[in-house]
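Scroll down for the structure; my scribbles are underneath it.
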Amino acid sequence: MPSRAAIRMKHPSFSVSVTTASQLHDAVDRLLPLLRADASHASAARAIAAAVASFRPPSTLLSNRILHLLSSHPATLPDAVALLASLPSTDVCSYNTLVAALGRSSRGLASARALFDRMPRRDHFSWSAVISAHARHGQPRAALAIYRRMLREPGSAGADNEFTASSALAAATAARCARAGRELHCHVVRRGIDADAVVWSALADMYAKCGRVDDARSVFDRMPVRDVVSWTAMVERYFDAGRDGQGFRLFVRMLRSGIQPNEFTYAGVLRACAEFTCEKLGKQVHGRMTKSRAGDSCFAESALVHMYSKYGDMGTAVGVFRGMPKPDLVSWTAMISGYAQNGQPDEALHYFDMLLRSGFRPDHVTFVGVLSACAHAGLVDKGLGIFHSIKDEYGIEHTADHYACVIDLLSRSGLFERAEEMIDTMSVKPNKFLWASLLGGCRIHKNVRLAKWAAEALFEIEPENPATYVTLANIYASVGLFDEVENTRRIMELKRITKMPASSWIEAGTRVHVFLVGDKLHPQAEEIYALLKKLYLKMREEGYVADTGFVLHDVEDEQKQQDIGYHSERLAVAFGIIATPKGAPIKVFKNLRICGDCHTTIKLISKIVQREIIVRDSNRFHHFKNGSCSCRDFW
DNA sequence: TATGCAACAC
C-alpha cells in the first residue's frame, strides 16, 4: 500500500496539490531552488514537512528529502535539526546533509561539529564537510587536526580521497601553513589521489597563497588537467603578488587554449585592470565579456562598475549598473563608492537612498562608501548622523574603518577637538587608515601637534612607510619648522627608508607614458617643457604665484619653483594636451597624492586649454574643468 | 561533500 496524503496549499509564489509520494518528490524539487533563493518560501517548506510527518507508514526516503529541503536555507535550518532529532532511524546521509548545511555559516559551525561528533558512522562526505566548514570559518588549524584524526581512525581509510584531501588543502591554505601544505602534497602523491583537477588546483593555490607563487606555477604547469578554475586561480595569484604582467600573459594563454572564462575569471581580470590602470585592456575585456554568458552575472558586472569608477568614468559605470537586471548589494555599494571617490557626494548619497528604498540592508562596506562621500564633501552633520545610525538603526557594530572615515571627515573640516575626543573614546583599536586620515587633515590645516601624534602611531604600525615621513616633513615645512624637516629627513636616512619616487602616467595611442619629476627622457620632452613654459606665462598674466609650501626641501624660492614647475603630473598633463585630439578629456594617474600647487595649476590649465582634465591620485579623483575641480578644493 | 569568489577608507 503506497503512502498517501493530501496536501493542498497556496502561497504567493508556490501552490501545490499532491496526493502521492512521487508528486511530493516533484513538489520538493520545485520548491528547493525557490527556498534556496528566498526565505519567503519557508512556510511552504514547513507545510510540506508537516504533511510528510503524518505519512503512514513513515518513509525514510521522503524524510531525507524533506531534511534536504529544510537544510537549504538558514531560516529553516532549525526545523531540519528538530526533524533529524525526531526521526526514529537515521542514516549517514541525513546527518551529512545537515552537517554540511550547518557548516555553511560560521554561526552553525559549533552545531555542525557537535552533530558530526554524535554520528554513529562517518563517510568521506561527513569528514569533508566538517573539515571544510572549519577551514572556511576561521578555524583552519582545527580543520587540519580533524583531517589527521581521520587518518588515524580505524575504518576510515576509504574516506581518505580527493574530497577530503582538497578540503584539508584548503585548510592549510587558510592557515597560510606551507609546511602542512607540503606534507599534504607528499601525502596525495603517495596515496595516488593526485589525478584530480580539484586537488591540483587546491595545491597550486596553497603554494601561491603561502607566498610561493613560483612553486604554484610549477604545480600549475605539471597539472594533468587544467580547468577554468585552475587557470583563474593562477591568474589571480599573479595579480595578488603584484605581478600583473605575468597575470595578463597567463590570461591571454588561457584564452588561446580555448578555455572559456567564467564570471570569476572576468571579475578578477577586471579588478586587476582597475588596480593596474590598464584602461584599454579593461575595455577589451569588457567587450569580450559582453559577448559571453559570463557577462550576465552580477558578480562580473559589479567588477565592471568598480573598474570604470577607478578610471574616473562614472558615465560608463552608471550605464553598466542601469543595464543590470538585478543589481545586488555589492553593485549598489560599488556605485556609491565610485561616486564618493569621483567627487560626486550628492550622487553617492542619492544612490544610498535608492538602495534603502530597494529594500537592501546596507553592510559595513556600504557605510564606508557613504561615509567617505560625506568626508570628501565636508558634510559633517550628515556624516555623523549616518555614523550613529550604523549602530542605532542598522545594528551593525562600528568597525575601525568606520571610525577612520569619521576622523577623516572631522579632521578635513578642522574639527580637531572632536576628532581627538572620538579617538580617545572609540570602542575599537584605531587602524592605520584612521591615523593617516588624521595626518592628512593636519596637513590641510597645518596642525603640528596632532600631526606628531598621528605620525608616531603610524610609525608603530608601519615603520617602513615613507609616506608618513614625507607628509610629516611637509607639515613642518608648511609652518616654517625647517629644523624639524631636516630632522625627519635624517631619521629617514638613518632607517634607510627611501621615498617612493612620484610618478604619473597617461595612456595615449597604444602606449602608457610614464613621467617622473623633471624627467626629460620622453622623446617629446622638448615640446612638453615648451608648452608648460607657455602655459606658465599665461597663468602669471592671470596673477598666479606658485605656492612653495608643498616642497619638502628648505631651499631658495627660485629653486623650489623649478622643482614644483615640473612635477610628474604636470608633465603628463602637458603631454596629454599634445598627444590627444583637441577638446578630448585628458586622464592622468599618479602614484602619490597630487601636490597642492599642481592642483591649482591644473585648474588654471583646464581653463586655458578648455579641456577636462582628470587626475586620479593615490586616494581619489580630481575632475578639473574650466578653472575648478570636482573636489571643490576640499581634499 | 572538495579547488577559483565581485564592492570600502589614507
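Just so it is clear: chains get the letters A, B, ... in the order the sequence lines come, proteins before strands, and each one is counted from 1.
Atom-to-atom, CZ of A:Arg136 to C1' of B:dA2 comes out at 10 Å; the value is rounded to the nearest Å. The nearest whole Å value for the distance from the CG atom in A:Asp205 to the C1' atom in B:dA2 is 13 Å. For A:Leu169 and B:dG4, the CG to P distance is 10 Å, given to the nearest whole Å. As rounded to whole Å, 18 Å separates atom C1' of B:dC8 from atom OH of A:Tyr351. Taking atom NE2 on A:His185 and atom P on B:dT3, their separation rounds to 18 Å, with Å as the unit. Taking atom CH2 on A:Trp231 and atom C1' on B:dT3, their separation rounds to 16 Å, with Å as the unit. Atom CZ in A:Arg217 sits roughly 19 Å away from atom P in B:dG4 (whole-Å rounding). Atom CZ of A:Phe299 and atom C1' of B:dG4 are 9 Å apart (whole Å).
Using modelled atom types, no side-chain atom of A:His124 and backbone atom of A:Phe163 make a donor-acceptor pair closer than 3.5 Å. Within the 3.5 Å criterion, the main-chain N or O of A:Ile259 finds no donor-acceptor partner in the side chain of A:Ser257. Looking only at distances, a side-chain donor or acceptor of A:Arg122 sits under 3.5 Å from a matching main-chain atom of A:Phe116.
The number of heavy atoms from other shown groups lying within 6.0 Å of NE2 (A:His68) does not exceed 12.
Out of B:dC8, B:dA7, B:dC10, the shortest distance to the side chain of A:Ser337 is found at B:dC8. Which of B:dA7, B:dG4, B:dT1 sits closest to the side chain of A:Arg271 comes down to B:dA7. For A:Val229, taking side-chain heavy atoms from C-beta onward, the closest of the listed nucleotides B:dC8, B:dT1, B:dT3 is B:dT3. Between B:dC8, B:dG4, B:dA2, one nucleotide has an atom nearer to the side chain of A:Ser167 than all others, and that is B:dA2. In this structure, of B:dC10, B:dA7, B:dC5, it is B:dC5 that holds the atom nearest to the side chain of A:Lys209. Checking B:dC10, B:dA6, B:dC8 against every side-chain atom of A:Asp408, the shortest atom distance belongs to B:dC10. Side chain of A:Val198, nearest nucleotide from B:dT1, B:dT3, B:dC5: B:dT3. Of the candidates B:dG4, B:dC10, B:dA2, the closest approach to any side-chain atom of A:Arg412 belongs to B:dC10. Among B:dG4, B:dA7, B:dC10, the nucleotide with an atom closest to any side-chain atom of A:Thr333 is B:dA7. When distances are taken from the side chain of A:Glu162 to each of B:dT1, B:dA2, B:dC8, the shortest belongs to B:dA2.
Within the 4.0 angstrom heavy-atom criterion, base atoms lie near A:Asp363. Contacts of A:His402 with the nucleic acid, taken as non-hydrogen atoms under 4.0 Å apart, are absent. Among the heavy atoms of the strands lying under 4.0 Å from A:Asn262 is at least one base atom, whether or not backbone atoms are also near. Looking at heavy-atom distances under 4.0 Å, A:Ala233 makes contact with sugar-phosphate atoms alone, never a base.
Remark: ring of A:Phe163 overlaps the six-membered base ring of B:dT1 in a stacked fashion, centroids less than 5.5 Å apart, planes less than 30° apart. Between A:Phe125 and B:dT1, a base-stacking contact is recorded: ring centres under 5.5 Å apart, planes less than 30° from parallel.
Using a 4.0 Å cut-off, some side-chain N or O of A:His376 falls inside it from OP1 or OP2 of B:dC10. Regarding contacts with the backbone of B:dA7, every side-chain N or O of A:His364 stays at 4.0 angstrom or more from both OP1 and OP2. Residue A:Arg237 places at least one side-chain N or O closer than 4.0 Å to OP1 or OP2 of B:dC5. Within the structure, every side-chain polar atom (N or O) of A:Arg122 is placed at least 4.0 Å from both OP1 and OP2 of B:dT1. Phosphate proximity of B:dA7 to A:His306: present, with a side-chain N or O under 4.0 Å from OP1 or OP2.
The list of side-chain hydrogen bond (donor to acceptor under 3.5 Å, both in side chains) pairs with a residue in residues 298-307 of chain A, not counting sequence neighbours, reads A:Ser302-A:Ser331. Counting only residues at least two apart or in different chains, side-chain hydrogen bond (donor to acceptor under 3.5 Å, both in side chains) contacts with residues 455-464 of chain A comprise A:Glu462-A:Asn465.
Tested against A:Ile193 for a side-chain contact (heavy atoms from CB on, under 4.5 Å), the candidates A:Thr164, A:Asp160, A:Val199 yield a single pass: A:Asp160.
Between the side chain of A:Ser166 and the base of B:dT3, no donor-acceptor pair of N or O atoms lies under 3.5 Å.
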